[in-house]
Asker: 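Please find one structure pasted underneath; my questions will follow.
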Amino acid sequence: MKYFVQQDSVVRQIWGKSDTILFIFAGASAEFALNKAVDWLYFTGRLPADPLGRLFSTVGYARRIVFSEEAAAHRAIDSMAAIHATVEAKRGYAIPDWAYRDVLFMLIDYSIRSFELLERKLSEQEQAEVFEVFNRVGLRMGIQGLPQTYPDWQLARAEHLRQNLEKSMYTSDLYRQYRKHLGGMRYWLLRHAQVLVVPQRVREQLRLWRVPVLQPVLAAYKVSRIFRAEWLLKELILPPAYKAEIRELDVVSV
């Protein structure tokens, strides 16, 4: 059986742990709020109505692709493309290719950043492997203008961060929705988790704290994993409505 992502790939290690995925979620939730194309997510009304559910839906598609055999992964990618095509038809014009690229670039960047924050430094070859997997997703979706190599992607990512982010009314509203759906304490944790994982450009535009106050907490959390006590902490901090979904993100054997 041929898989979309090889079974020994570092991409499966990254997307096989809820810890890593939650930091990917934190980073993406920050950058989504700044993206110039975030109005597309507001067009359907799903993002402001349920921002956590919308982001978990994106994560769910990514995981289906990472852990599926090739034909099933292709069906998942084609399903995503069809959903976006329906939204485009309702609005009357196409989502720009740079907006599609932005989402792919986020998945690549935050996959690398989150794993390195929680586990270890990735080699350049492993970073290129993350790029290659998600670039194939973009190619399957027919996204134009994708970089061909990992060094090309690094340049394109930097350019996208310079050109495609801005603080807008959507930014403020989306953060209000995060606070509403998370509650005060979890919202505070989200903001400080974002400090640890987002690029400097995102941190500056959102005016996130410069001091990583969660760094000592993160160190203690890593120790707790040695004793398999991390879920005691997660039970305290995770939204009750999503605990089951988050537990399912942990893949014991890949």
Side-chain angles (χ1 to χ4, degrees), residues 2-32 34-35 58-59 61-68 70 73 77 97-141 143-165 193-204 208 212 214-215 218-219 221-222 225 249-251 253-254:
K2 184 179 181 182
Y3 287 91
F4 189 80
V5 178
Q6 293 184 9
Q7 289 179 287
D8 61 351
S9 171
V10 71
V11 178
R12 284 185 169 227
Q13 294 180 44
I14 294 169
W15 285 84
K17 289 186 177 181
S18 61
D19 300 358
T20 316
I21 295 171
L22 287 171
F23 270 96
I24 294 171
F25 169 92
S29 66
E31 195 165 326
F32 264 126
L34 290 172
N35 194 279
T58 301
V59 165
Y61 270 103
R63 292 188 76 255
R64 281 174 57 193
I65 294 164
V66 168
F67 292 101
S68 294
E70 190 171 60
I77 297 167
D97 278 306
W98 61 261
Y100 280 115
R101 291 195 299 270
D102 276 346
V103 176
L104 273 181
F105 289 4
M106 274 189 260
L107 291 173
I108 295 166
D109 198 7
Y110 292 119
S111 292
I112 294 169
R113 287 173 178 270
S114 299
F115 187 81
E116 292 191 335
L117 178 68
L118 290 166
E119 304 292 341
R120 60 173 175 81
K121 183 75 174 175
L122 291 171
S123 68
E124 189 168 333
Q125 180 179 347
E126 288 173 323
Q127 292 175 14
E129 193 176 318
V130 177
F131 157 76
E132 187 272 336
V133 165
F134 286 104
N135 214 48
R136 280 193 285 122
V137 173
L139 290 170
R140 177 77 183 186
M141 290 184 69
I143 300 172
Q144 301 298 309
L146 292 173
Q148 295 185 354
T149 67
Y150 179 62
D152 289 342
W153 172 81
Q154 290 176 301
L155 294 173
R157 171 64 170 160
E159 182 64 19
H160 274 235
L161 287 170
R162 285 193 295 269
Q163 297 295 329
N164 298 344
L165 302 182
Q194 290 171 344
V195 172
L196 295 173
V197 75
V198 301
Q200 181 177 346
R201 174 77 170 165
V202 175
R203 191 165 59 247
E204 289 174 349
L208 295 173
L214 285 187
Q215 198 75 57
L218 186 61
Y221 181 73
K222 289 179 180 180
R225 294 192 303 181
L249 298 178
D250 284 307
V251 178
S253 176
V254 297

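Keep in mind that this is a model prediction, so the values were computed, not measured.
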Asker: Hey, is the main chain of Q148 close enough, under 3.5 Å, to the side chain of N135 for a donor-acceptor pair?
Answerer: no
Asker: Please determine if R157 forms a cation-pi arrangement with Y110, meaning its NZ or CZ atom is less than 6.0 Å from the six-membered ring centre and no more than 45° off the ring axis.
Answerer: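 Yes, cation above the ring, under 6.0 Å and within 45°.
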Asker: Counting only N and O atoms by type, is there a donor-acceptor contact under 3.5 Å from the side chain of R136 to the main-chain atoms of V5?
Answerer: no
Asker: For atom CD of Q6, is the number of surrounding heavy atoms from other residues, nucleotides or ligands below 6.0 Å larger than 12?
Answerer: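 At most 12 heavy atoms, drawn from other residues, nucleotides or ligands, come within 6.0 Å of this atom.
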Asker: What's the shortest heavy-atom distance between S29 and Q194, and which atoms?
Answerer: OG-NE2, 3.0 Å
Asker: Heavy atoms only: give me the nearest G138-L104 pair and the separation to one decimal.
Answerer: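 That would be CA-CD1, 3.3 Å.
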Asker: Do R12 and Y3 form a cation-pi contact, if we require the NZ or CZ to be under 6.0 Å from the six-membered ring centre and within 45 degrees of the ring's axis?
Answerer: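 Yes, R12 sits over the ring of Y3.
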Asker: Let me confirm one number: the CZ-CD1 distance from R101 to I108, rounded to the nearest 0.5 Å.
Answerer: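 R101 CZ to I108 CD1: 12.0 Å, rounded to 0.5 Å.
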Asker: Check for a donor-acceptor pair, side chain of Q127 on one end and backbone N or O of L122 on the other, with a separation under 3.5 Å.
Answerer: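 Yes: the side chain of Q127 pairs with the backbone of L122.
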Asker: Between E119 and T20, does any side-chain donor sit less than 3.5 Å from a side-chain acceptor?
Answerer: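 No, T20 and E119 have no side-chain donor paired with an acceptor closer than 3.5 Å.
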Asker: Look up atom CG in L117 and atom CD1 in I24, then write down how far apart they are to the nearest 0.5 Å.
Answerer: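 Going from CG on L117 over to CD1 on I24, the span is 11.0 Å.
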Asker: Taking all atoms of both residues into account, what is the closest heavy-atom pair of V202 and E31, and its distance?
Answerer: CG2-OE1, 3.9 Å
Asker: Give me the ring orientation class for W153 and F131: parallel if the planes are under 30° apart, tilted from 30 to 60°, perpendicular past 60°.
Answerer: tilted
Asker: Going from CG on L118 to CD1 on I21, what distance comes out if it is rounded to the nearest 0.5 angstrom?
Answerer: 11.5 Å
Asker: Rounded to the nearest 0.5 Å, what separates atom CZ in R201 from atom CD in Q163?
Answerer: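 So the CZ of R201 and the CD of Q163 are separated by 8.5 Å.
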Asker: What's the separation between atom CG in L165 and atom CD in E204, rounded to the nearest 0.5 Å?
Answerer: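 Nearest 0.5 Å value for the CG-CD distance: 11.5 Å.
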Asker: Which heavy-atom pair separates V198 from A30 by the least distance, and what is that distance?
Answerer: CG1-CB, 3.9 Å
Asker: May I ask you to decide whether E126 forms a salt bridge with R120, counting only side-chain N to carboxylate O separations under 4.0 Å?
Answerer: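 Salt bridge flag = yes for R120 with E126.
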Asker: Do L161 and F105 pass the side chain to side chain contact (heavy atoms under 4.5 Å, CB included) test, and can you show the C-alpha distance, the side-chain angles, and the key distance before you say yes or no?
Answerer: CA-CA 10 Å; L161 287 170; F105 289 4; over 6 Å; no
Asker: Going through the checks in order, is the side chain to side chain contact (heavy atoms under 4.5 Å, CB included) test met by F32 and M106?
Answerer: CA-CA 9 Å; F32 264 126; M106 274 189 260; 4.1 Å; yes
Asker: Strictly by modelled atom types, are Y150 and E124 linked by a side-chain donor-acceptor pair under 3.5 Å?
Answerer: no
Asker: I need the L107 CG to I112 CD1 distance, nearest 0.5 Å.
Answerer: 11.0 Å
Asker: Nearest heavy-atom pair of S111 and I14: which atoms, and what distance?
Answerer: O-CG2, 3.7 Å
Asker: Is there side-chain contact between Y61 and I77, with heavy atoms separated by less than 4.5 Å?
Answerer: no
Asker: For side chain to side chain contact (heavy atoms under 4.5 Å, CB included), just list the numbers for F134 and L146, CA-CA rounded to whole Å, side-chain angles, deciding distance to a tenth of an Å, and then say yes or no.
Answerer: CA-CA 11 Å; F134 286 104; L146 292 173; over 6 Å; no
Asker: Can you tell whether the side chains of R113 and D109 come within less than 4.0 Å, N to carboxylate O?
Answerer: yes
Asker: Return the minimal non-hydrogen interatomic distance between S68 and A73, and the atom names on each side.
Answerer: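 Between these two residues, the closest heavy atoms are CB-N, 3.8 Å.
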